[in-house]
There are 2 protein chains.
Amino acid sequence: MKSSETKAERPGLLARLLREAGYRDTAPRRAVVRAIEEADGEQSPEALWRAAQRIHPGIGRATVYRTLELLTGLGAVRPLIAAEGGRRYPVAVGGHHHLVCSGCGTVVEFDECAEGEVARRVARRQGFAIQGHLLEIYGTCGDCRVTGEVRT
Amino acid sequence: MKSSETKAERPGLLARLLREAGYRDTAPRRAVVRAIEEADGEQSPEALWRAAQRIHPGIGRATVYRTLELLTGLGAVRPLIAAEGGRRYPVAVGGHHHLVCSGCGTVVEFDECAEGEVARRVARRQGFAIQGHLLEIYGTCGDCRVTGEVRT
DNA sequence: GTACCATTGAGACGGGGTATCACTATGAAG
DNA sequence: CTTCATAGTGATACCCCGTCTCAATGGTAC
């Protein structure tokens, strides 16, 4: 599901990253990469696997994990721990901003960010080449505050 | 190891949080909380368990995980995925800033942060009560860039 | 002090993620 | 195009982190 516009836009941003890093351009990898790009958000490895299978039937779990690992190493993806279940979620990096409720786990994304300046300065000082960043603000949403208790 | 000043300063910031949330004040919990506060940084549950055992011998794994879960629910701690091994790390929240190398996993902490303003604005708009935030900047450190390849 | 029930410790359990290995297919060379 | 070395793949066995269960313990209210 989704518009067709979003699909064609990026023929392979992540794929290109892999190529440029010297990795082979294989169908399974492209499937994983497409699954990530089309989901354009946070997905469990499980969900990405299912999505990748739709694109490239027969792909194995291991390949999905391996590809995610490669992308993590390249800084293109960032695994996090999901609120519910505690499983991990890969997040495409490049500037992600989350407002996370400690109570119910709700995640609200937002765009505003003032870190560009600071990030660049800190990175330069340490000799880092920036690839992306993640800003998470933790708090309690209105509902959870009203409810009082935060329990499960 | 560590100065004595840091220790006495917070007789129980986290412990107080637990109490105020209505949880009982038990020795095992205090041990976990102390372990976290004294480590004052990122630790694997395993490491925290060992630290807690030194404080309260006989404490079980489950209790450590349970306490970490409670603290997570209260927003006092935030689990992340460690670079090496992929295990999870609890992070005391309240404003943490990391510069993470995608290549070797090195984590450099820094203080500068310009998010106070943005965070407050976004949070207010969404009706959130801020507890803390985490800013992670991903990139490649000098060494890893020189080495060229980022592989394992 | 007594009673109720949240909390604990020990151990069983489950499942996500990884390691292994034989097979396949990419990309380079000629 | 054909050949070749080897990166990459799929299937599966395997491991271990984190969770669940349950009887015993100990906090807190009265």
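Within every chain, numbering begins at 1; the chains are lettered A, B, ... in the order of the sequence lines, protein sequences first and strands thereafter.
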Without decimals, in angstroms, what is the distance between [X] [atom1] and [N] [atom2]?
{"X": "B/Glu69", "N": "C/dA6", "atom1": "CD", "atom2": "C1'", "result": "15 Å"}
{"X": "A/Ile59", "N": "D/dG10", "atom1": "CD1", "atom2": "P", "result": "5 Å"}
{"X": "B/Trp49", "N": "D/dT19", "atom1": "CH2", "atom2": "C1'", "result": "14 Å"}
{"X": "A/Leu68", "N": "C/dG16", "atom1": "CG", "atom2": "P", "result": "15 Å"}
{"X": "B/Arg29", "N": "C/dT8", "atom1": "CZ", "atom2": "C1'", "result": "9 Å"}
{"X": "A/Leu18", "N": "D/dA7", "atom1": "CG", "atom2": "P", "result": "16 Å"}
{"X": "B/Leu70", "N": "C/dT7", "atom1": "CG", "atom2": "P", "result": "7 Å"}
{"X": "B/Glu46", "N": "D/dG18", "atom1": "CD", "atom2": "P", "result": "9 Å"}

key: Summary of protein contacts for nucleotides 24-30 of chain D, nucleotide by nucleotide, where a base hit scores B, a sugar-phosphate-only hit scores S (4.0 Å, heavy atoms)   = --BBS--
ask   = So, is B/His56 near the phosphate of C/dT8, with a side-chain N or O under 4.0 Å from OP1 or OP2?
value = no
A/Tyr65 side-chain N/O to C/dG17 phosphate OP1/OP2 under 4.0 Å = yes
If the condition is side chain to side chain donor-acceptor pair (under 3.5 Å), which residues does [X] pass it with, not counting sequence neighbours?
{"X": "A/Arg29", "result": "none"}
{"X": "B/His97", "result": "B/His133"}
{"X": "B/Arg121", "result": "A/Glu112"}

key: For B/Arg120, salt bridge (charged side-chain N to carboxylate O under 4.0 Å, His left out) partners two or more places apart   = B/Glu117
inquiry  = Holding to salt bridge (charged side-chain N to carboxylate O under 4.0 Å, His left out), I want the full list of residues that pass it with A/Arg30, two or more places apart in sequence or in another chain.
reply    = A/Asp25
Looking at the side chain of [X], which of [options] is the nearest nucleotide?
{"X": "A/Thr63", "options": "C/dA12, D/dT12, D/dG10", "answer": "D/dG10"}
{"X": "A/Ala62", "options": "C/dG11, D/dA11, C/dT8", "answer": "D/dA11"}
{"X": "B/Arg61", "options": "C/dG9, C/dA12, D/dA11", "answer": "C/dA12"}

4.5 Å side-chain heavy-atom contact, A/Ile36 and A/Leu14 = yes
ask   = Given side chains that start at C-beta, do those of A/Val100 and A/Ile137 come closer than 4.5 Å, heavy atoms only?
value = no
query = Got a sec, which pairs hit salt bridge (charged side-chain N to carboxylate O under 4.0 Å, His left out) with one end in residues 46-60 of chain B, sequence neighbours left out?
reply = B/Glu46-B/Arg50
Where at least one partner belongs to residues 131-142 of chain A, residue pairs that pass salt bridge (charged side-chain N to carboxylate O under 4.0 Å, His left out), sequence neighbours excluded = A/Glu136-B/Arg78
note = Terminal axes of the helix from C/dG1-D/dC30 to C/dG30-D/dC1 (5 end pairs apiece), angle rounded to 10 degrees, sit apart by 60°
query = How is B/Arg66 classified with respect to the nucleic acid when contacts are heavy atoms under 4.0 Å: base, sugar-phosphate, or nothing?
reply = base
